[in-house]
Amino acid sequence: MKRCLRWFARLYPAAWRTRYGWEFDALLDDLRPTWRDILDIIHGAVLMQLSTPAAYLKLGAVSAVLGAILAAGYSFTIPRRYVSTAILRIGTVPGFSGTPSKWHVLALSRLNRIEQEILSRGSLAEMIQRPNLNLYVEERKGHPLEDIVQGMRTHDIRIQLVSTTPSQDAMIFRIDFANSDPARAQAVARALTEKFASAPGLEVLDPANLPTKAVSPNPLRIAVAGLAGGFVLGLLIAFCRRHGLGQTGALYLKYAVTSGAVAGIVSGLASYAIPDRYISTAVLRAIPSDLGQARQLDEKVLSRTSLAAIIQRPQLDLYHDRRLREPLEEVVQQMRRDIRIQSARGQIPAFTVQFEYPDRFKAQAVVRELVARFIDANLAAPAGATLEVLDPASLPASPFYPNRLTITALGLAAGSLLGFLIGLFRARPPTPRPPRLAPDPSAA
Amino acid sequence: MSDPSILVLASLVEGDKHGYAIMVDIEQFAGLRLGPGTLYGAITRLEQRGWIEPVPSDDDRRQPYALTASGRRHLEAEMLTLERVVRTAARRLKHA
């Protein structure tokens, strides 16, 4: 035990050891050591190190190493992500005689159309629930399938053009699928490849591989971030200690934490007073890709007469309270604001129809009705494109608004800031006074 | 009352002592065992402020310390304050 104490005594600064080291060693020889003495020596050594001129550097370095170790440890708790990749080729259409640039546009449009079909809600939902894939099992327990499909489409699948062949007669593109299980990543990439390859003119150049190395997280990068964060924190602590801000800082922190917690709880509870709003979505595709012409139908579908009829339909009875207070014209304007019709994903010749409403079943019913009206209006148009329903109106399972977590976090942040400011103004450190003994009343 | 600096000063009023003797003395009169790190942290601060000083000794390993005049004045001032606090608290407890 005494050897252990002597070893820890080496943590004291060299200058201190030169002055007090020998007598400190004598003290360690004399006493009967306990485990508490080890902690006491470490504590004493740290305080002594912090009182030296190089305290900034020392604390920064120690804090940086601790930060790096903690961050590296944390990186091992993050689930690994493996990416399986397949390479495909889309070739010329038989009998095509246009220029390479025209073919390029045509091939891109064709690729987009196939991609749209494969990434449609129905297609991905089928893949997620396929028994041999059985994807997102844990997520499906707590989230609606709609959200899982959206997450798969936006985060896990990536389809991108790699290059065009030198002869300009084919385009190479890749399909990536990311998952925490390498075998599952390969299986899904393979399933996606099969769907693509079933289209005429597409062939698989390189089948989906079995990934051996995780693409994320990068423990080195996280450890470096921890190192930098720890170093900055160490410098901050050293600065506070050197300038005697420890006690005052703790007081500000107390105000900020208290105020932040109260504001966070209050805003979190208050968010439940805000009514939920749901969005139902449908996707329509125009064939051929004359989206401009299809979008001209907006005017007809969103006309006052059309929307007023939907609003007043007895089964829907939309905006009931509002209609009692405001003229129908105003309610129609509000409905126009709640309907969103926009192009889907850039170049793809499709558009989404969305409706936002507090009742999720009514939101879905309205989108269904709007889709039906788009198709009717298209049929009545003299030279309309063929409209196809790619994704029917969804039944939203969870509200998109209000985001209670964000509201609570904002409340917490605002409350903390307010608390800090209150602390700054109300809890200023007392002005130092020269020590003076007050007269003893009992002596009188 | 448990400020290590005051306890070390109080121990040295009786006479010059080295580190271990101070530790044993404090344990006897205050019932408090100062760890070696805490004790030498207090000794370092007190010497820097000129309230204690090392004194020559025959023992080449153990360094005794003595209270200086300014250290004595500081301890007296602290004791007066403490005494007043103790007296006030005792009176209030009696009337509570």
Side-chain angles (χ1 to χ4, degrees), chain A residues 1-53 55 241-242 244 247 433-444, chain B residues 4-5 8 16-27 32-49 52-65 70 73-92 94-95:
Chain A
M1 177 77 93
K2 283 189 179 176
R3 277 177 63 187
C4 190
L5 289 182
R6 274 204 197 85
W7 193 89
F8 280 110
R10 289 182 197 168
L11 297 174
Y12 277 86
W16 189 92
R17 294 269 316 151
T18 309
R19 165 65 186 83
Y20 295 98
W22 58 275
E23 55 181 286
F24 192 67
D25 287 345
L27 170 70
L28 297 183
D29 284 341
D30 289 339
L31 58 81
R32 275 192 305 186
T34 64
W35 287 108
R36 282 179 64 186
D37 289 337
I38 294 178
L39 295 178
D40 191 66
I41 288 176
I42 294 171
H43 181 240
V46 169
L47 291 181
M48 214 52 81
Q49 290 282 6
L50 291 178
S51 64
T52 63
R241 283 192 62 84
R242 182 56 62 89
Q247 215 175 358
R433 286 187 309 174
R436 191 174 63 87
L437 287 176
D440 188 352
S442 62
Chain B
S5 297
V8 171
D16 304 350
K17 288 188 190 77
H18 55 72
Y20 183 65
I22 295 172
M23 188 188 270
V24 171
D25 186 39
I26 289 172
E27 200 168 359
L32 198 74
R33 184 181 181 276
L34 294 186
T38 309
L39 175 68
Y40 262 84
I43 288 176
T44 308
R45 279 196 303 278
L46 291 171
E47 196 191 347
Q48 281 169 354
R49 287 171 191 172
I52 63 169
E53 60 187 1
V55 287
S57 154
D58 295 336
D59 192 332
D60 58 348
R61 293 194 69 223
R62 292 171 186 81
Q63 172 63 61
Y65 288 89
S70 62
R73 278 199 300 278
H74 175 73
L75 182 64
E76 282 169 355
E78 288 288 327
M79 288 304 106
L80 275 173
T81 309
L82 272 174
E83 205 179 317
R84 204 172 64 76
V85 170
V86 170
R87 214 178 290 165
T88 307
R91 196 177 60 246
R92 286 181 183 172
K94 202 185 273 181
H95 295 295

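No experiment lies behind these values; they were computed from the predicted model shown. Every chain is numbered from 1 and lettered A, B, ... according to where its sequence line falls, protein lines coming before strand lines.
- At a 4.5 Å heavy-atom cutoff, the contact between A:Tyr12 and chain B is made by side-chain atoms alone.
- Of the inter-residue distances, the one linking A:Trp16 atom CH2 with B:Thr44 atom OG1 reads 5.5 Å to the nearest 0.5 angstrom.
- Rounded to the nearest 0.5 angstrom, B:Tyr40 OH and A:Met48 CE are separated by 11.0 Å.
- In this structure, OG in A:Ser51 is found 10.0 Å from CZ in B:Arg45, a value given to the nearest 0.5 Å.
- Contact annotation for B:Asp59: neither backbone nor side-chain heavy atoms come within less than 4.5 Å of a heavy atom of chain A.
- By number of non-hydrogen pairs under 4.5 angstrom with chain B, the leading residue of A:Pro33, A:Gly44, A:Ala45, A:Ala26 is A:Ala26.
- Under the 4.5 Å side-chain criterion, counting only non-hydrogen atoms from C-beta, B:Pro36 is in contact with A:Leu31.
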Show, in sequence, the C-alpha distance, side-chain angles and deciding distance for B:Arg62 and A:Asp30, and conclude whether the side-chain contact (heavy atoms from CB on, under 4.5 Å) test is met. CA-CA 10 Å; B:Arg62 292 171 186 81; A:Asp30 289 339; 2.6 Å; yes

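- Counting heavy-atom pairs closer than 4.5 Å to chain A, the top residue among B:Glu83, B:His18, B:Arg33 is B:Arg33.
- Residues A:Trp22 and B:Arg61 share a closest heavy-atom pair of CZ3-O, 2.7 Å.
- The contact between B:Glu47 and chain A is made entirely by side chain atoms (from C-beta outward), counting heavy-atom distances below 4.5 Å.
- Atom CG of A:Leu27 sits about 4.5 Å away from atom CE of B:Met23, to the nearest 0.5 Å.
- Using a 3.5 Å distance cut-off with no hydrogens or angles, the side chains of A:Glu23 and B:Tyr65 do pair a donor with an acceptor.
- Although no hydrogens or angles enter the test, the distance criterion places no donor-acceptor pair under 3.5 Å between the side chain of A:Asp37 and the main chain of B:Gly35.
- If you measure heavy-atom distances from A:Ile41 to chain B, the contacts under 4.5 Å come from both the backbone and the side chain.
- The contact between A:Leu28 and chain B is made entirely by side chain atoms (from C-beta outward), counting heavy-atom distances below 4.5 Å.
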